[in-house]
Amino acid sequence: MKQTYPALLRHKLTRMRSFMRIYHYRFLGMEIHPGSIVGKVNCKWPHKVTLGSNCHVEDSVFFKVTHPFSKDNFINIGDRVFIGSRCEFNCSTKIMVGNDCLIAGNTTIVDTGHGMDRDMKINQQPVTCAEIIISDDVWIGANCVILKGVIIGKGSIIGAGSVVNKSIPEYQVWAGVPARYIRNR
């Protein structure tokens with residue numbers, strides 16, 4: 001009994017801190033639905049982020065939104081989504097995550113890129129943007145990179161360490177750099 005008491009106390013304190021963070025982020029404009037647990041996240045423009053109900057966002061997740069005063073760019077996370085620690089959502093247009101998704105730690109989701117015109121200096125290239133849609137029931141393994149314009153179909157799985165640079169149909173398993181079709185789910 002003595003061994004479980006400190007663990008119970010630590011669990012209750014962690015939950016209390018999460019509730020305090022949720023109220024803080026809501027005060028700043030983040031839309032957080034009931035039942036969600038939010039760790040220590042980094043978000044400079046919380047009014048551009050919506051978090052569905054019963055989600056779990058671990059510590060050190062980074063929500064970056066450029067052009068915060070535009071109505072057209074936002075990050076929308078569905079219900080019952082798990083986001084592992086040190087994930088990065090880098091948004092210039094839209095990043096939408098469906099319901100019942102698992103996004104493992106160290107995953108980067110970025111909807112921007114740069115031009116590659118040979119006649120221009122690389123730091124003067126135009127920025128290109130395209131929204132990212134992650135459908136319902138998707139599992140993204142650890143250390144993945146999801147690039148602009150990608151739509152991941154319902155029920156798909158992305159293997160750990162993959163770089164996804166093109167859209168993935170429903171109920172398929174993809175992995176690799178760049179990600180390629182492995183098999184149907």
Side-chain angles (χ1 to χ4, degrees), residues 11 14-15 18 21 25 30 32-33 35-44 48-66 73-114 116 127-185:
H11 176 73
T14 301
R15 292 285 291 180
S18 176
R21 274 192 292 277
Y25 294 132
M30 186 182 289
I32 303 173
H33 292 250
S36 292
I37 298 170
V38 180
K40 298 174 190 172
V41 300
N42 185 348
C43 183
K44 292 185 179 163
K48 303 299 278 183
V49 178
T50 300
L51 188 63
S53 62
N54 300 309
C55 292
H56 186 129
V57 180
E58 290 192 333
D59 290 340
S60 303
V61 172
F62 183 45
F63 294 108
K64 179 182 179 184
V65 178
T66 56
N73 61 340
F74 55 84
I75 299 170
N76 189 355
I77 310 293
D79 298 332
R80 298 170 304 281
V81 173
F82 172 83
I83 300 173
S85 62
R86 294 177 304 281
C87 285
E88 178 182 340
F89 292 78
N90 193 333
C91 176
S92 288
T93 56
K94 296 176 187 154
I95 297 175
M96 295 181 282
V97 178
N99 300 324
D100 304 303
C101 292
L102 301 175
I103 302 173
N106 292 315
T107 294
T108 301
I109 300 171
V110 58
D111 68 356
T112 58
H114 291 277
M116 297 184 294
V127 174
T128 57
C129 304
E131 67 184 37
I132 295 173
I133 300 172
I134 299 171
S135 302
D136 296 342
D137 191 32
V138 169
W139 174 20
I140 299 173
N143 300 306
C144 287
V145 177
I146 312 298
L147 298 174
K148 67 180 176 124
V150 167
I151 298 172
I152 300 177
K154 181 178 181 179
S156 292
I157 298 173
I158 310 301
S162 298
V163 176
V164 181
N165 61 358
K166 59 185 168 184
S167 294
I168 295 173
E170 293 182 349
Y171 297 104
Q172 290 188 353
V173 178
W174 285 52
V177 179
R180 61 182 175 76
Y181 171 79
I182 302 296
R183 65 182 175 91
N184 288 329
R185 179 175 163 205

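None of the values given here were measured: they were computed from a predicted structure.
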Tyr25 side chain vs Cys43 backbone, donor-acceptor pair below 3.5 Å
no
With the side chain counted from C-beta on, respond yes when Ile182 and Arg180 share a heavy-atom pair under 4.5 Å apart, and no when they do not.
yes
Report yes or no: does Arg183 contribute a side-chain atom to a donor-acceptor pair with the main-chain N or O of Val173 at less than 3.5 Å?
no
What closest approach, in Å, do Ser162 and Trp174 show between heavy atoms, and which atom pair accounts for it?
OG-O, 4.2 Å
Could you state the interatomic distance from CD1 (Ile75) to NZ (Lys64), rounded to the nearest 0.5 Å?
11.0 Å
With sequence neighbours left out, write down each residue that passes salt bridge (charged side-chain N to carboxylate O under 4.0 Å, His left out) with Asp100, or none if nothing qualifies.
Arg80
At what distance, to the nearest 0.5 angstrom, does CZ of Phe89 lie from OG1 of Thr107?
8.0 Å
Using every non-hydrogen atom in the two residues, find where Gln172 and Asn184 come nearest and quote the distance to one decimal.
CG-OD1, 3.4 Å
Determine the minimum heavy-atom distance between Cys87 and Gly84, stating which atoms define it.
SG-O, 3.2 Å
Looking at Val177 and Gly161, what are the two nearest heavy atoms and their distance?
CG2-O, 3.4 Å
Restricting to non-hydrogen atoms, name the atom on Asn54 and the atom on Ser36 that form the minimum distance, rounded to 0.1 Å.
N-OG, 3.4 Å
Sorted by chain and residue number, the side-chain contact (heavy atoms from CB on, under 4.5 Å) partners of Phe74 (sequence neighbours excluded) come out as Asn76, Lys94, Met96
Around atom NE2 of His114, are there more than 12 heavy atoms of other residues, nucleotides or ligands at under 6.0 Å?
no
So NZ of Lys48 and CG of Asn73: to nearest 0.5 Å the spacing works out to 4.5 Å
Check Ser156 against Ile168 and note the closest heavy-atom contact, atom names and distance.
OG-CG2, 3.8 Å
Go through the side-chain N and O atoms of Ser92 and Thr66 and say whether any donor and acceptor fall under 3.5 Å apart.
yes
Just list the side-chain donor-acceptor pairs under 3.5 Å for residues 130-151, sequence neighbours left out, or say none.
{"residue": "Ser135", "atom": "OG", "partner": "Ile152", "partner atom": "O", "Å": "2.9"}
{"residue": "Asp136", "atom": "OD1", "partner": "Asn99", "partner atom": "N", "Å": "2.7"}
{"residue": "Asp137", "atom": "OD2", "partner": "Arg185", "partner atom": "NH1", "Å": "3.2"}
{"residue": "Asn143", "atom": "OD1", "partner": "Asn106", "partner atom": "ND2", "Å": "3.4"}
{"residue": "Lys148", "atom": "NZ", "partner": "Thr128", "partner atom": "OG1", "Å": "2.9"}

Hey, could you give me the OG/CD distance between Ser60 and Glu88, rounded to the nearest 0.5 Å?
12.0 Å
For the atom pair CD1 (Ile77) and CD1 (Ile95), what is the distance rounded to the nearest 0.5 Å?
8.0 Å
Is any side-chain heavy atom of Thr108 less than 4.5 Å from a side-chain heavy atom of Asn90?
no
